[in-house]
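Everything on this sheet refers to the single structure shown next.
All values below were derived from every heavy atom in this structure, side-chain atoms included, with hydrogens, water molecules and symmetry-related copies excluded.
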Amino acid sequence: MLEKLQVSPKMSDTPSTSFSMIHLTSEGQVPSPRHSNITHPVVAKRISFYKSGDPQFGGVRVVVNPRSFKTFDALLDSLSRKVPLPFGVRNISTPRGRHSITRLEELEDGKSYVCSHNKKVLPVDLDKARRRPRPWLSSRSISTHVQLCPATANMSTMAPGMLRAPRRLVVFRNGDPKNKHVVLLSRRITQSFEAFLQYLTQVMQCPVAKLYATDGRKVPSLQAVILSSGAVVAAGREPFKPGNYDIQKYLLPAKLPGISHRVHQKGKAKIEKRKSGNWKVSINTSDFPNAGTSSQIYIVLYGHCRSSAPIYLYGRDGTRFQDGHEDNFTIMVGDIGTPFKIRVGHTNSGHSPSWHCKRIELQNMNSGEKFYIPVQRWLAQEQEDGEICREFPILCKGQPVLPVTTYKVYITTGELWNSGTIANVYLSIYGEKGDTGSRKLFRSKNSSKFLRGQVDTFFLEAVNLGDLCKIVIGHDGLGQGNGWFLEDVVVRDPTTNHEYAFFCHRWLDEGEDDGKIVREMYARDKTISSMRKKLELKRKETWAADSWKFMKGNTLQFYNKLSGGFVRLHPDGTVDAAGEQTDRYGLFDVIFNKGNICVFQSHEMRHLSLNFDNGMVGGGGHSELQVIYQPNRCVLLESVLLPGHTLTVDRHGKVTDESSAGYAELSKEFLVFVKGVFLSSAVVILATSLCQALCLQPNGTCTGAGNQSEQSHWRVHRISSGICMFESVKTARMYLRIKDGYCNGMGTGDTDCHFKIKKNLENASISLESLKSPGLFVGLQPDGQAKPVIYTKDESVCFYPRVIQFGRENPMGMSATPSQGEDKTTPPESKARCSSPSSSEKESKHLCRIETLLLEEKWKVLVVTGNTGTQANVTLWVYGYEGVTGPISLTKDSQEKLFLPGQTDEFQVVLRGIGEIYKIRIGHDGTGGQPEWTLQRVTMENVKSKKTLHFVANVCLSRNQADGDIVCELPVMKEGEPVFPLVRYHVDVYTGQLKQAKTESEVSLCLYGERGDSGLRLLHRSNMPVRFQRGQIDAFQIEAVSLGNLQKALLHCEASDKSQYWYCEKIIVKDPGSSSESIFTCERWIPFMSEGLMHSEIELYCQEMQINHPPKIQEEANDGDWKVTVVTGDLENAGTTATVSLCVYGEARCSGPIILGSGKHHLFKPNSADIFKIHLTDIGEIYKIRIGHDNSGDDPRWYVEEVILENMATSDLLCLTVDSWISESEDDGDTWKEVPTVRAHRGPLPVVTYKIHIHTGTKPGAETESNVFINLIGTNGDSGKRRLHQSGSRKAMFQRGQVDIFSIKAVSLGNLKKVLISHDGTGPGNGWFLENIIVKYEEDGSCPEVLFPCHRWLDEYQEDGKTERELLPRK
């Protein structure tokens, strides 16, 4: 039985596999509004209604009179049938959304209004909406002349397969495949991913927050939508629900619109209708077992005129493509000309997607001509080469028109940190004879694809494309770390041995560069000129990164790797490169700099400079040298007067020239070191690549993949020679540290933050070694995240310092520790005199402690593997009674030869100051081709004392076996018994009952007790099928050497986006050996924001220990510490996306604005309580607070119920009721609310409404369009800076000669002393001439009026240029 399938004659831009684009035409109807012709009495109002945020909607004209609409609700119901909104019309507002209409009487005749389904109204450009669309832009019918004209215009010039077709997308409702809509992806609805989701919310008539592919994978971006298989599943906050989301029955209707015969081109005859292009397709599936497929099959036909779109072969009468069956179809593709190749593939879906195709036959049903394609190939990821899309030439007279070519593709990932990706990468190659379609690159010669600095090789089989012209490469944006820095792509054609180079050197990342994750690149021959251009770009980038070194006034050293010495200029004028690092003749001052032209003067002998004399280098007068940077960060020093003459030395450091005989090895490359980089108070960047640097992230972690911006600036605190601390400039009092196996920026300035600076002469970099944990260095993982590592001389521990601001030497007697700080008001001499004997004693004790820590013991570690080896990275921790060392990475040069079955591997480790060992922890990270590992035993032997410790394991460390743990702890054995027993702790994790409390993120837990910690363990194997669901209790087990009495727990949740944030209620830990249980109360979202920083982990203290700890903020309470609880109301949309701040006013002083956090980080959600800790010092008795936000984000409106302040030291409680909207579009339109407190023996101060009359002057140009702000200051404090945006008298504010009246509510300010008035300078007319301000208010029965005269400009181009003025009252 034949199946009739009709597809558009348009062809795909990139005909594709299962994730490429399906291009088909679509047709839709939008009902046009009907206009009333009935005549009404004069009392009728003719009103136009438009759709919120949609200028394309032409509007609806409605006649409103008492007969047509008796109530306002009747009007809303009528408009709901005419204005397409997902939940009907529930709100009518003025065009700018400022005022809501609630009664029929408020509607004005001839006016326009905006309809929305909630109180949030998006403004509409009425001029644009009123324009009737031209016929060719009408959405009612997609006329074929829109599609045909570009195609016909370019038909003669474009290669086969290069035409474009409209993009249709089938959208299914999650869990309901029958509820679907077909949408056309237009520019209007794809301005952003958020706008597209909002559009789908209207189309699907339900909230759409997430998109999934039909197989359940998340579609996180607009680019991923475009790269999808033509169908997506729209979901709200719920997870993906599997279903029969069958795509082609909706993409391929019984009959598609034909080509209009009424289209004419100017001055030409009518275009003839294309031939129908009916083809019969017969596909034979092989007859051996499992040859059939459950997947969706498609084909693409290429002819000499053009190609078809992807044609899905869908059978409506039952299952297709089964073992030994022949399936027949009839398709319509238009006139493609004589076919020369076919692409066949499937979507790799269903329970058995693999398919073995025997042959394909094509018959032109108009001419009767037949074509035969012998296939005999697997299309399966687990068979042959793993391809699920193949191309075959169509035989003509028994011979193929074109040969099949296997292109070799080399893809180079850049060397920037975090430049690799785990996303799915797709490639389409274009040539003079068509294209390959979009192919997924999934089988590389490397075990892991697209890693930093790696070259991946792929083979791509296709019918020969001829000369290649371009490629399109991109990824789907799925997975964490999906951004990708692509260096270049090289495609080799084996038929001609020609290589085509496609140079990129850009990010494919939504958060970097231009935000694109798909790029189109054009071919270059892989010639010397192409390589030279690439080299020149690298040189320019290197010079941009290191040119700061040659600034005038810097003191430099030049190091030569061949001779192993520094360049010296001797008093007799001779030069060599054999000096030591401390040689005084090896220092040179930059006394002249212009671009890369410099003069290098001897620091010791000011009359000598590096000079070229008769082609030889020596010391003499000032001579200009050109600095030529190389890609390896080395420089050449070339004479400006004698081009081509460079400083060249031999292996002994002797200056020579390239023509010298007797020396086979010469070098003219020098590494440059700058003196005085790490002086106290210097600000430096620790660069990790030419354009990246070590950066402190908002959650306190550090990454080497940050931009070289203010966020990556570090202030140097010099402790002693070669030992420094690094404090974040952007976030003060946060220091780089190594502690408990982590490297982050959460240090407080203690010894964990002390680092020894090690200079690396090989590449002019430095490495930072922890002084407290010697042997551990600040290192970087491939994704750029900082971690402690053992020094291995690779680039992961190398940082290239760049000075932003030079520091100074520490004066005698001063310390750079943050506890003392830098008192700028006290002279250094007085500080030295005031130094007490006790301080020197403490310093000597501190030095003794450091010496103790530096005592090291070398141990030999023998690791015996059982019958299952591993390729994962193995890590060791060693615990002693005085401390812990770890993580220690057990690696060697030949990593692949480690931990083989039955093998014993030996390592050398250094342990410092940990005392007698009582346990070890060993495990792996679950990576590599063989992540499972059977550990038999571990033996440690002290190299010096020969003391031997035995640890018997006999465990399988695997996620898939036993308890699913990949880490185990082993106690030291004494006389056949463990010093401490192994305990299997039972851990119950309670997820809260709040909405969206669940998470799919990974959660880890670390238990702390009297005897150390358990290490951070992934909570992997729960008793529940799906972990961490709302209101659920998950049970886990953690095996560890007995920790004694538990003291605290560290809970970690690293969420990829805010939809995966987790609300944890509490954790209960039970020790089965004793009947005791420990309760750790959490009751908050993780990650969370505190004091402007995101935190992915939280410390929880045992409930018995919480007598001195508040229940939700597990930190020790100090004087001045307050707990702030902010309760958001349970109204619809009560939450906010803005950043919230708090001001606390006391009798002594005001706290100033304290940022609590942002609603973008899962704070301030409806019906929730958010808890923060703030520090208030010496402010006296609190008499009022002011809370508000910055009006940022998509929906900044916020309804606050109450704010509770609790003194953590005294337990004093202040409960302040707000019960109000804080929004510019609600109530009084203010984004700040002030609330008085009830003071001891006194009542609260009253809340006063201040009426502010602003008089704009009458001078020409006196008006302004800027945002105006005011702050009223009285004897009881100030009102804070408020924006004046709702004038009670005028629509256009601050016009020439106009008086605008505003209202501000504030806790009584007492007698007004002054006013601060300003504007932000925005808008075309930002200057403003202010005449005066009158403030009127009513308090204690009196109605005072206070005049603040001004009569001055607030204009940066008038008078003194000030845009802020302080006005005093006229007495």
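In this structure, a donor-acceptor pair under 3.5 Å is absent between the side chains of W484 and S419. Side-chain polar atoms of S563 and D650 form no donor-acceptor pair below 3.5 angstrom. Between the side chains of D456 and N446, at least one donor N or O lies within less than 3.5 Å of an accepting N or O. A side-chain donor-acceptor contact under 3.5 Å links N744 and R737. A donor and an acceptor atom, one from each side chain of T412 and D488, are located under 3.5 Å apart. For the residue pair D572/T574, the side-chain donor-acceptor check at 3.5 Å is satisfied. For the residue pair Q708 / H713, no side-chain donor-acceptor distance below 3.5 Å is found, with atom types taken as modelled. Side-chain atoms of N707 and Q692 form no donor-acceptor pair, as typed in the model, at a separation below 3.5 Å.
Shown here for I517 and L508, the closest heavy-atom pair between the two residues is O-CD2, 3.4 Å. Between F503 and M521, the shortest heavy-atom distance links the atoms O-SD, 3.7 Å. Of all heavy-atom pairs between F566 and Q557, the closest is CD2-CB, 3.8 Å. Of all the heavy atoms in C634 and K561, the pair that sits closest is SG-CE, 4.4 Å. For C743 against V778, the heavy-atom pair with the smallest separation is SG-CG1, 3.8 Å. Nearest heavy atom pair, residue K668 against residue T648, reads CB-OG1, 3.8 Å.
Classified by interplanar angle (parallel below 30°, tilted 30° to 60°, perpendicular above 60°), the ring pair F550/Y629 is perpendicular. The aromatic rings of F673 and Y559 lie perpendicular to each other, with more than 60° between the two planes, well past the 30° mark. Using the six-membered ring where Trp is involved, F558 and F600 have ring planes that are perpendicular, over 60° apart on the 30 and 60° scheme.
Annotation: R606, atom CZ; neighbour count of heavy atoms from other residues, nucleotides and ligands within 6.0 Å is above 12. When the shell of 6.0 Å around CD of E415 is examined, it contains 12 or fewer heavy atoms from other residues, nucleotides or ligands.
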Give the C-alpha distance, both sets of side-chain angles, the deciding distance and a yes or no for ring pair (Phe, Tyr, Trp, His ring centres under 6.0 Å) between F726 and H717.
-> CA-CA 6 Å; F726 298 91; H717 295 274; 9.2 Å; no
How far apart are the C-alpha atoms of H570 and D576, what are their side-chain angles, what is the distance that settles it, and do they pass the side-chain hydrogen bond (donor to acceptor under 3.5 Å, both in side chains) test?
-> CA-CA 8 Å; H570 296 278; D576 64 30; 3.0 Å; yes
Audit row: S609, N611, side-chain hydrogen bond (donor to acceptor under 3.5 Å, both in side chains) steps and yes/no = CA-CA 6 Å; S609 297; N611 194 1; over 6 Å; no
Derivation of the side chain to side chain contact (heavy atoms under 4.5 Å, CB included) call for M725 and I719 | CA-CA 7 Å; M725 294 192 303; I719 306 302; 4.0 Å; yes
May I have the step-by-step check of side chain to side chain contact (heavy atoms under 4.5 Å, CB included) for K759 and Q581, ending in yes or no?
-> CA-CA 11 Å; K759 289 186 178 179; Q581 189 170 355; 3.2 Å; yes
Checking side chain to side chain contact (heavy atoms under 4.5 Å, CB included) for the pair L441/K449: CA distance, chi angles, key distance, verdict?
-> CA-CA 9 Å; L441 303 177; K449 307 185 295 290; 5.8 Å; no
I would like to know whether R519 and L486 meet side chain to side chain contact (heavy atoms under 4.5 Å, CB included); could you show each step before the answer?
-> CA-CA 10 Å; R519 298 206 179 275; L486 174 62; over 6 Å; no
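When side chains are defined from C-beta on, T656 does not count as touching V649, because their heavy atoms never get closer than 4.5 Å. Between V491 and F502, the closest side-chain pair of non-hydrogen atoms falls below 4.5 Å. Annotation: side chain of V640 is not in contact with side chain of L625 (no heavy-atom distance under 4.5 Å). Residues Q601 and F592 are not in side-chain contact: their nearest non-hydrogen atoms beyond the backbone lie 4.5 Å or more apart. Put simply, the side chain of N418 does not reach to within 4.5 Å of the side chain of R452, judged on heavy atoms. Side-chain contact check for R492 versus N497: some heavy-atom pair is nearer than 4.5 Å. Side chains of L427 and V409 form a contact here, defined as non-hydrogen atoms less than 4.5 Å apart. Put simply, the side chain of V789 does not reach to within 4.5 Å of the side chain of S889, judged on heavy atoms.
The pair E580-R568 does not count as a salt bridge, with every side-chain nitrogen at least 4.0 angstrom from each carboxylate oxygen. A salt bridge is absent between K758 and E769; no separation between the charged side-chain nitrogens and carboxylate oxygens falls under 4.0 Å. Taking the charged nitrogens against the carboxylate oxygens, K470 and E520 do have a contact shorter than 4.0 Å, which makes a salt bridge. Using a cutoff of 4.0 Å between basic side-chain nitrogens and carboxylate oxygens, D546 and R633 are scored as salt-bridged.
Applying the ring-ring contact (aromatic ring centres under 6.0 Å, His included) criterion to Y791, with sequence neighbours excluded, gives F777. Taking T496 as the reference, D493, H498 meet the side chain to side chain contact (heavy atoms under 4.5 Å, CB included) condition, with sequence neighbours excluded.
In this structure a side-chain-to-backbone donor-acceptor pair under 3.5 Å is missing from E727 to L736. T688 contributes a side-chain N or O that, together with a main-chain N or O of G704, makes up a donor-acceptor pair within less than 3.5 Å. In terms of modelled atom types and a separation under 3.5 Å, the side chain of S773 and the main chain of S770 share no donor-acceptor contact. A donor-acceptor pair under 3.5 Å links the side-chain atoms of W714 to the main chain of L694, judged by distance alone. Between the side chain of S767 and the backbone N or O of V797, at least one donor-acceptor pair lies under 3.5 Å. Looking at N554, its side chain does come within 3.5 Å of a backbone N or O of W548 through a donor-acceptor pair.
Looking at D467, I471, V490 one by one, the single match for side chain to side chain contact (heavy atoms under 4.5 Å, CB included) with Y500 turns out to be D467.
In summary, the aromatic rings of F799 and F755 are positioned with their centroids too far apart to meet the 6.0 Å limit. In this structure, F485 has its ring center under 6.0 Å from that of H505.
With rounding to the nearest 0.5 angstrom, the CD atom of E624 is 11.0 Å from the CG atom of N596. A distance of 9.5 Å separates CZ in R539 from CG in N632, rounded to the nearest 0.5 Å. Interatomic distance, CG of D583 versus CD of E604, reported as 9.5 Å (0.5 Å rounding). The distance from atom OG of S602 to atom CZ of R584, rounded to the nearest 0.5 Å, is 10.0 Å. In this structure, SG in C598 is found 8.0 Å from CG in L556, a value given to the nearest 0.5 Å. Between the CD1 atom of I473 and the SG atom of C504 there is a distance of 8.0 Å, given to the nearest 0.5 Å.
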